[in-house]
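Report on the structure given below.
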Amino acid sequence: MSPSITVIDYGLGNIRSVSKALALAGGDVRISAEIKKIESSDGIVLPGVGAFGKGMENLKKAGLIKVINSQIEAGKPCLGICLGLQMLFSVSEEHGSSPGMDIIKGKVKLFRNDLKIPHMGWNKVKFQNSPTGESGMFEGIADESYFYFVHSYYVSPEDAALVSSTTDYGDEFASSVVKDNLWAVQFHPEKSGKDGLRIMKNFIARCGGKNE
Amino acid sequence: MNDPQKRKSSALAKRIIPCLDVKNGRVVKGVNFVDLVDAGDPVQIAAAYARAGADELVYLDITASVEKRPAMLEIVAKTAEQVFIPLTVGGGIRKLSDISDLLKAGADKVSMNTSAVENPSLIREASREFGAQCIITAIDAKKTAPGKWEVYTYGGRKATGIDVIYWAKKTVELGSGEILLTSMDKDGTQSGFDIELTAAVSEAVSVPVIASGGAGELIHLKDALDKGKADAVLAASIFHFGKFSITETKKYLRENNIPVRI
């Protein structure tokens, strides 16, 4: 049986592409903001593009912060994408200082170099802390493969051991983090061609599905 | 900013973007690929380009009648089901609800030209609502004097009197996350991009610039990316008619020290 995956709908982001990619990767995908559905699924995905403050506000309004916290704490596989990665952190510099969900200790910072912002396009992802193998995030993917990014802020976790890959955009930043069953990526696997789909497959495998 | 020593480098790849002109739901002129069942079907062509290694895709809707526009939404939705690289849609976007419909259908970005010039607040509102990353301003530029270009609208039919550099900066201020810059003098000539224009705009703004108009040989793409300082190049006919494949284009660029995704 395909694992059930709930893509959390809080009104931001390209939910359709994320869902289609997860379905192609073998997930039984539903898009929902219902707490019951989130609790009963094998895995959850927190997508998102856009402003940090607006994202947090929408999550609060929909009453989703508590359930996201409790599901991650209970060890349910969770995949955060882009803004869905950033909102897991303690605080963002966007609009001064905006509090996040504080599930991962650390800050979300604005790029401060003279390169163009947003950081937009395909960039190399360099593995850190052995994130491959046994349904690891990057299983079946070559080190320094290209993934698609669109963002102006990046995450900086307090615990460097959580960083599963880095990417160079003037400065080296954390392009993905792994904390037990919580995977979170700054790039967009749903827009990163076959390597992106492979991450989706690896996530589905983590949720109890089969990997090739 | 002006000190080249201090300018940081990055591994970010330069993007190669095929553009499909879509009219009434069909690709105009068709595309000369061997493995296509229907050379006029935008979804099939988009999927073929994604397989071939294109970094993004652009659909330009040149449908004249408003009644036939919804066809594009259906195409975008079908594309999003099977093509997993970024998709931009331009043409005929007049209001916020047009943008929201396209994004919901699965487009990643929208591009506006005439409507941005005539109603700049649309760019501001769209950027606030959907984020700057998905709002592209398309600029059609025509040279008027050395180092001077004028903005044209309505597919190049109407002169606006607006200076291109001024407008490029203005659209970024309003909230554009990217600029799609077309040289009207070079478009369709296959004689190379307007490098001077591309470099002038790219240096004037803090957002990525996609160069368009004039691609005929691989060296033209290389020149736009290094001399022209463009972040991406858009081309149609050189890819559609099989003059160069995406793979050979990228190999050539890599051999010439341009970072590309292969």
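Chain identifiers are assigned alphabetically (A, B, ...) following the order of the sequence lines, protein sequences preceding nucleic acid strands; residue numbering begins at 1 within each chain. Both backbone and side-chain heavy atoms feed into the values below; hydrogens, waters and symmetry mates do not. Computed from a predicted structure; not experimentally measured.
When heavy atoms are compared at a cutoff of 4.5 Å, A/Ala21 approaches chain B by way of both its backbone and its side chain. Proximity to chain A is absent for every atom of B/Ala232, based on heavy atoms less than 4.5 angstrom apart. Heavy atoms closer than 4.5 Å to chain A are found in both the backbone and the side chain of B/Ala80. Looking at B/Glu178, the atoms closer than 4.5 Å to chain A (heavy atoms on both sides) all sit in the side chain, from C-beta outward. Of the two parts of B/Leu103, only the backbone, made up of N, CA, C and O, holds a non-hydrogen atom closer than 4.5 Å to a non-hydrogen atom of chain A. For a residue to count as touching a neighbouring chain, one of its non-hydrogen atoms must lie under 4.5 Å from one of that chain's; by this rule B/Lys104 touches chain A with the backbone only. Residue contact with chain A, scored on non-hydrogen atoms closer than 4.5 Å, is absent for B/Ser127. Heavy atoms of B/Arg261 lying under 4.5 Å from chain A belong to its backbone as well as its side chain. Residue B/Ala132 does not touch chain A at all, counting heavy-atom pairs closer than 4.5 Å. In this structure, the portions of A/Ser17 lying under 4.5 Å from any heavy atom of chain B include both its backbone and its side chain.
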Is there a side chain to side chain contact (heavy atoms under 4.5 Å, CB included) between A/Val155 and A/Phe173? Walk through the geometry before answering. CA-CA 7 Å; A/Val155 297; A/Phe173 69 94; over 6 Å; no
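Aromatic pair A/Tyr169/A/Phe111: ring centres closer than 6.0 Å. Aromatic pair A/Phe187/A/Phe149: centroids less than 6.0 angstrom apart.
Here the CD1-CZ distance, from A/Ile117 to A/Arg112, works out to 9.0 Å after rounding to the nearest 0.5 Å. A distance of 7.0 Å separates CD1 of B/Ile262 from NZ of B/Lys250, quoted to the nearest 0.5 Å.
In terms of heavy-atom pairs under 4.5 angstrom with chain A, the leader among B/Gly131, B/Pro86, B/Cys134, B/Ala13 is B/Pro86. Between chain A and the residues B/Gln82, B/Lys14, B/Glu81, the largest count of heavy-atom pairs under 4.5 Å involves B/Glu81. Ranked by heavy-atom pairs under 4.5 Å with chain B, the first of A/His119, A/Lys194, A/His188, A/Glu190 is A/Glu190. For chain A, the option among B/Pro259, B/Gly106, B/Gly53 with the highest count of heavy-atom pairs below 4.5 Å is B/Gly106.
With respect to A/Glu57 and A/Lys60, no salt bridge is recorded, no charged nitrogen being found less than 4.0 Å from a carboxylate O. Using a cutoff of 4.0 Å between basic side-chain nitrogens and carboxylate oxygens, A/Arg198 and A/Asp195 are not scored as salt-bridged.
In this model, no donor atom of one side chain and acceptor atom of the other lie less than 3.5 Å apart for A/Ser32 and A/Thr6. Side-chain contact annotation: B/Ser202 with A/Lys116, donor-acceptor N/O pair under 3.5 Å present.
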